[in-house]
Amino acid sequence: MTNISAEKLGTQPIGKLLINQAVPASIGILVMSLNVLVDSIFVGNWIGSIAIAAINVVLPVSFFIAALGMSVGIGGSSIISRALGANLHEKALKTFGNQIALTLLITITMVILGLYYVDAIIPAFGGKGTIFEPAKVYYTIVLYGVPFLALCMLGNSVIRAEGKPKFAMIAMIIPSIGNLIMDYVFIYIFDCGMAGAAWATTAGYLLCFSYVFYFFASKKSELKINITHLKFDFPILKEIASLGFVTMARQATTSIVYLLMNNILFGLGGEAMVAVYAIVGRMLMFALFPVFGVTQGFLPIAGYNYGAKKYQRVRLSINTAIKYASILATIVFIGLMIFPSEIASLFLSTKEGISETELAVNIYVLEHSPFAMRMVFAATPIIALQLIGAAYFQAIGKATPALLLTLTRQGFFFIPLILILPSYFNELGVWISFPIADVLATIVTGYFLRKEIKKDLV
């Protein structure tokens with residue numbers, strides 16, 4: 001878990017290198033996921049299950065704006081990894097400077113638009129009935145901190161591209177711990193309700209930004225940019241956009257999925273059904289952290305070695321990453337199949353004196369969540385191939401196949417399934433859409449990845 005210089009991405013043994021990259025990434029994702037999970041548990045127990053549903057409505061909006069920064073970060077980091085592998089240091093610096101300028105321009109614009117259209121956005125994402133008011137409170141406050149989150153996402157990707165995963169891990173841990181501490185202070189001690197939850201989240205973003213700024217301002221980073229690097233270089237912007245669009249499209253599709261799911265489930269079971277999906281959604285963010293960690297660790301290794309034309313190392317990194325991620329995904333699958341009821345119960349308030357409405361929602365959620373969770377994660381053991389395959393094309397700079405494979409699961413399969421199956425199978429149709437989409441997407445990704453390896457990595 002030590003930090004390494006960029007050139008060692010092309011020399012260290014792949015297994016050791018992947019562990020060095022993936023373990024810090026996994027720990028960082030774990031802490032961030034635990035933050036979302038524990039935050040939801042705090043909110044559910046201290047405010048109520050309707051509050052969890054309200055946050056679930058807001059997440060896709062704020063995450064989409066933040067994902068713009070992640071998109072610019074990952075797209076630019078692919079360029080940086082390959083540039084460092086090819087000893088093009090000035091191109092790496094220009095890319096980083098353009099990433100910062102582009103992220104600020106996009107996210108500030110999106111925040112202004114998001115605040116202006118707040119009363120239309122929240123209902124569109126399922127914030128209806130009793131969910132609307134708490135969702136609006138949370139959304140308005142959190143949106144102010146989203147540009148800082150976007151810069152953190154950008155910085156994290158670049159730090160990892162430099163071959164310094166430990167610092168990337170710390171950058172992910174700091175806001176999570178800060179958020180949980182602030183949750184306790186603002187919600188439990190000061191009883192600020194949804195506003196307290198929102199301010200705690202925003203404080204976490206600011207802490208993360210402070211650390212990322214410190215990293216790049218200090219001697220720890222190899223990328224020392226000046227004001228001239230912030231000037232837009234359109235060939236670089238075009239390459240950032242083409243590669244970053246893959247991540248942005250994935251996050252945009254995720255936001256569309258949340259929009260459709262919240263509205264479809266609200267129609268099937270009201271606020272209580274949206275609360276069920278909120279719990280399942282938290283587990284989707286949390287439970288797969290080791291698989292996402294391996295994927296994140298794989299990206300700079302594949303990108304650097306591809307840029308250095310070390311194709312056998314690229315091939316070995318693909319096989320190793322799929323093997324590690326598959327083992328971890330299977331372990332996650334077993335745990336979720338055995339303990340779904342216990343997991344769901346963590347999110348529900350057990351305090352005395354809750355209203356009859358809240359009690360009825362809790363009972364409904366506890367009855368419906370276990371089955372939903374088992375269905376949603378039914379195909380988990382095979383998703384490693386899907387994730388690593390799509391990530392490979394992004395790492396080597398092939399934007400079109402990366403985009404298409406990234407959109408395969410949610411865009412080409414899942415969205416049509418949830419628009420069709422609930423009409424015939426009601427709630428069951430929603431939940432079985434998840435494993436069907438996973439299986440189909442894995443088959444398609446496996447085909448194209450195998451074809452690409454035979455053609456290019458020889």
Side-chain angles (χ1 to χ4, degrees), residues 33-63 122-139 142 183 187 193-194 196-198 201 254-255 257-287 336 339-351 353-377 418 422 426-431 433-434:
S33 302
L34 274 174
N35 171 39
V36 174
L37 193 70
V38 177
D39 185 53
S40 299
I41 292 172
F42 285 171
V43 168
N45 281 271
W46 295 339
I47 304 176
S49 51
I50 296 299
I52 298 179
I55 293 177
N56 201 56
V57 167
V58 174
L59 277 179
V61 184
S62 59
F63 273 19
I122 291 176
F125 278 81
K128 304 169 184 176
T130 56
I131 299 176
F132 177 79
E133 284 302 328
K136 183 176 180 179
V137 170
Y138 189 84
Y139 170 93
V142 166
D183 266 340
I187 302 176
M194 288 301 294
T201 299
T254 299
S255 293
V257 167
Y258 269 92
L259 184 153
L260 293 172
M261 287 287 288
N262 285 336
N263 281 282
I264 290 170
L265 292 172
F266 188 89
L268 290 172
E271 293 93 339
M273 185 64 79
V274 176
V276 170
Y277 179 52
I279 291 173
V280 174
R282 295 303 178 279
M283 293 311 298
L284 280 169
M285 294 178 188
F286 166 71
L336 289 168
F339 302 111
S341 297
E342 291 79 1
I343 293 169
S345 66
L346 294 173
F347 294 86
L348 303 176
S349 176
T350 56
K351 66 182 180 182
I354 62 174
S355 66
E356 290 185 8
T357 302
E358 184 76 17
L359 182 60
V361 170
N362 287 355
I363 293 172
Y364 184 95
V365 170
L366 196 56
E367 288 177 349
H368 287 74
S369 292
F371 176 76
M373 203 172 297
R374 286 192 174 108
M375 287 295 98
V376 168
F377 288 94
I418 60 169
N426 296 316
E427 180 188 348
L428 175 63
V430 175
W431 306 129
S433 297
F434 284 87

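- Listed by chain and number, the residues in a side chain to side chain contact (heavy atoms under 4.5 Å, CB included) with F371 are M375, L428, W431 (sequence neighbours excluded).
- F434 has its side chain within reach of L284: a pair of non-hydrogen atoms, C-beta onward, lies under 4.5 Å apart.
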Which donor-acceptor pairs under 3.5 Å do side chains of residues 259-271 form with protein atoms, sequence neighbours excluded?
unit_1 : atom_1 : unit_2 : atom_2 : d
N262   : OD1    : N56    : ND2    : 3.2
N262   : ND2    : F125   : O      : 3.0
N262   : ND2    : Y258   : O      : 3.2
N263   : OD1    : K128   : NZ     : 2.6
N263   : ND2    : A124   : O      : 2.9
N263   : ND2    : L259   : O      : 2.7
E271   : OE2    : T130   : OG1    : 3.2

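- Here the shortest heavy-atom pairing between G193 and I187 reads O-CG1, 4.0 Å.
- I131 CD1 to Y138 OH: the interatomic distance, rounded to the nearest 0.5 Å, is 15.0 Å.
- Between A272 and Y364, the closest heavy-atom pair is CB-CD2, 3.4 Å.
- Looking only at side-chain heavy atoms (C-beta outward), V365 and F347 stay at 4.5 Å or farther from each other.
- Closest approach of A287 to F377, counting heavy atoms only: CB-CE2, 4.3 Å.
- Here the closest non-hydrogen pair linking I279 and A344 is CD1-O, 4.1 Å.
- In this structure, L336 CG and I343 CD1 are separated by 5.0 Å, a value rounded to the nearest 0.5 Å.
- With rounding to the nearest 0.5 angstrom, the CG atom of N362 is 10.5 Å from the OG atom of S345.
- Under the side chain to side chain donor-acceptor pair (under 3.5 Å) criterion, no residue pair touches residues 367-377, with sequence neighbours excluded.
- Within the 4.5 Å cutoff, the side chain of V58 has no heavy atoms near those of the K136 side chain.
- Nearest heavy-atom pair across P370 and P340 is CA-CB, 3.7 Å.
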